[in-house]
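I have placed the structure first, in the form of structure tokens, so that the comments after it can refer back to it.
Residue numbers start from 1 in every chain, and the chains themselves are labelled A, B, ... in the order their sequence lines are given, proteins ahead of strands. Just so it is clear, the structure is predicted and the values come from calculations on it, not from any experiment.
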There are 2 protein chains.
Amino acid sequence: MVRGKTVIKRIEDKTRRQVTFSKRRSGLFKKARELAVLCDVQIGVLVFSSTGRLYEYSNTRDMYIFWNKDGQG
Amino acid sequence: MVRGKTVIKRIEDKTRRQVTFSKRRSGLFKKARELAVLCDVQIGVLVFSSTGRLYEYSNTRDMYIFWNKDGQG
DNA sequence: GGGTCTATATATAAACC
DNA sequence: TGGTTTATATATAGACC
């Protein structure tokens, strides 16, 4: 978004990828919260990092999410 | 984000709420796609509108999501 | 890894079609 | 409802702690 337009492709540099992940994940969850409140809808967001960590946001108890960690992506 | 700063609370006007829902839902899914690609992570986003319509984005087959429509929210 | 700062790219509310 | 436009609020890349 700054020094040069961001191209949407995998960030190869591990450090940059990690930093971007942290920042954009926060942004995504914030947008999800805002949409849920503004429009009075139920939302669930799951993010499963390559290091195996799970991050989530949800404003409802009506949603059940299961991961198949042995799956094929 | 224009004529006046947006306050994050339920939009009471049905038409405005619907328009905002449509626009922000697109934005949320776009952000999810970008995060998935840039950071090489698995993401799932589910949105269940008050009219009972389900919208979703996912870039993985390892995620299984279930809704309990008779739940308590 | 988590904050701050700053310049700039994006998202988007309102209005109109 | 679904685009388009436009003005402005936000998100965020890069640099630095």
Side-chain angles (χ1 to χ4, degrees), chain A residues 1-63 65-71 73, chain B residues 1-63 65 67 69-71 73:
Chain A
M1 285 45 186
V2 169
R3 343 282 189 180
K5 183 170 169 174
T6 300
V7 177
I8 303 301
K9 65 184 287 273
R10 183 178 192 276
I11 296 170
E12 296 303 331
D13 181 74
K14 192 175 179 178
T15 301
R16 280 189 57 237
R17 192 168 66 241
Q18 170 55 35
V19 170
T20 294
F21 178 55
S22 175
K23 289 182 177 180
R24 279 181 173 257
R25 177 165 38 80
S26 297
L28 184 69
F29 285 171
K30 183 179 181 183
K31 289 288 187 185
R33 270 196 304 278
E34 294 184 348
L35 180 59
V37 172
L38 287 168
C39 303
D40 198 18
V41 295
Q42 291 178 295
I43 297 187
V45 181
L46 273 200
V47 182
F48 196 49
S49 78
S50 51
T51 60
R53 198 172 287 191
L54 181 65
Y55 302 87
E56 60 188 306
Y57 163 77
S58 177
N59 70 328
T60 175
R61 287 180 297 169
D62 293 345
M63 191 186 303
I65 306 176
F66 299 88
W67 283 86
N68 172 22
K69 293 188 180 179
D70 301 319
Chain B
M1 284 46 185
V2 168
R3 342 283 187 178
K5 182 169 170 175
T6 300
V7 177
I8 304 301
K9 65 185 286 272
R10 184 179 192 276
I11 297 170
E12 297 302 331
D13 181 73
K14 190 175 180 177
T15 301
R16 282 189 54 236
R17 190 168 66 240
Q18 171 55 36
V19 170
T20 294
F21 179 55
S22 175
K23 290 183 175 179
R24 280 181 173 256
R25 176 164 39 80
S26 298
L28 184 68
F29 286 171
K30 183 179 181 184
K31 289 288 186 184
R33 271 196 303 278
E34 294 184 348
L35 180 60
V37 172
L38 288 168
C39 303
D40 198 18
V41 294
Q42 292 178 295
I43 297 186
V45 182
L46 274 201
V47 181
F48 196 50
S49 78
S50 51
T51 60
R53 198 172 285 189
L54 181 65
Y55 303 86
E56 59 188 307
Y57 163 77
S58 178
N59 70 328
T60 174
R61 286 181 297 168
D62 293 346
M63 191 186 303
I65 307 176
W67 283 84
K69 294 187 180 177
D70 300 319

Gap between atoms CZ and P, on A:Arg33 and D:dT10 respectively (whole Å) | 14 Å

Report the residue (A:Leu28 or B:Lys23) whose heavy-atom-nearest nucleotide on DNA chain D is the more 5′ of the two.
-> B:Lys23

Could you check which of C:dA13, C:dA11, C:dG1 has an atom nearest any side-chain atom of B:Thr6?
-> C:dA13

Check whether any side-chain N or O of B:Ser22 sits under 4.0 Å from OP1 or OP2 of D:dT1, and answer yes or no.
-> no

Of the nucleotides C:dA15, D:dG14, D:dA13, which one has an atom closest to the side chain of A:Arg24?
-> D:dA13

Sequence neighbours left out, what passes ring pair (Phe, Tyr, Trp, His ring centres under 6.0 Å) with B:Tyr55? Give chain and number order.
-> B:Phe21

With A:Thr15 via side chain to side chain donor-acceptor pair (under 3.5 Å) - residues at least two apart | none

Once you round it to whole Å, what is the distance between P of C:dA9 and CD of B:Glu34?
-> 15 Å

Take atom CZ of A:Arg17 and atom P of C:dG1, then tell me their distance rounded to the nearest Å.
-> 11 Å

If only side-chain N and O atoms of A:Thr20 are considered, is one of them under 4.0 Å from the OP1 or OP2 phosphate oxygen of D:dT12?
-> no

Rounded to the nearest Å, what distance is computed from the CD1 atom of residue A:Ile11 to the P atom of nucleotide D:dT12?
-> 12 Å

Salt bridge (Lys or Arg N to Asp or Glu O under 4.0 Å) contacts in which one or both residues fall within residues 37-52 of chain B, not counting sequence neighbours | A:Arg10-B:Asp40

When the C1' atoms of the five terminal pairs at each end define the local axes, what inter-axis angle does the helix from C:dG2-D:dC17 to C:dC17-D:dG2 show, to 10 degrees?
-> 40°

Using a 4.0 Å heavy-atom cut-off across all strands, classify B:Gln18 as base, sugar-phosphate, or nothing.
-> nothing

Nearest-nucleotide check on DNA chain D, B:Leu38 vs B:Thr15; residue mapping nearer the 5' end is B:Thr15

Side chain of A:Arg16: nearest nucleotide among C:dG1, C:dA13, D:dG14?
-> D:dG14

What residues form a side chain to side chain donor-acceptor pair (under 3.5 Å) with A:Ser58, not counting sequence neighbours?
-> none

A:Asn59 side chain to A:Gln42 side chain, donor-acceptor N/O pair below 3.5 angstrom | no

Can you figure out which of C:dA13, C:dG1, D:dT12 approaches the side chain of B:Lys31 most closely?
-> D:dT12

Would you indicate which nucleotide in D:dA11, C:dA13, D:dA13 comes nearest to any side-chain atom of A:Lys30?
-> D:dA11

Interatomic distance where CZ belongs to A:Arg25 and P belongs to C:dG3 [whole Å] | 11 Å

Between the SG atom in B:Cys39 and the CZ atom in A:Arg25, the distance rounded to the nearest 0.5 Å is 9.0 Å

Got a sec, which pairs hit salt bridge (Lys or Arg N to Asp or Glu O under 4.0 Å) with one end in residues 41-59 of chain B, sequence neighbours left out?
-> none

A:Lys5 side-chain proximity, nearest of D:dA13, C:dA9, C:dA11 = C:dA9

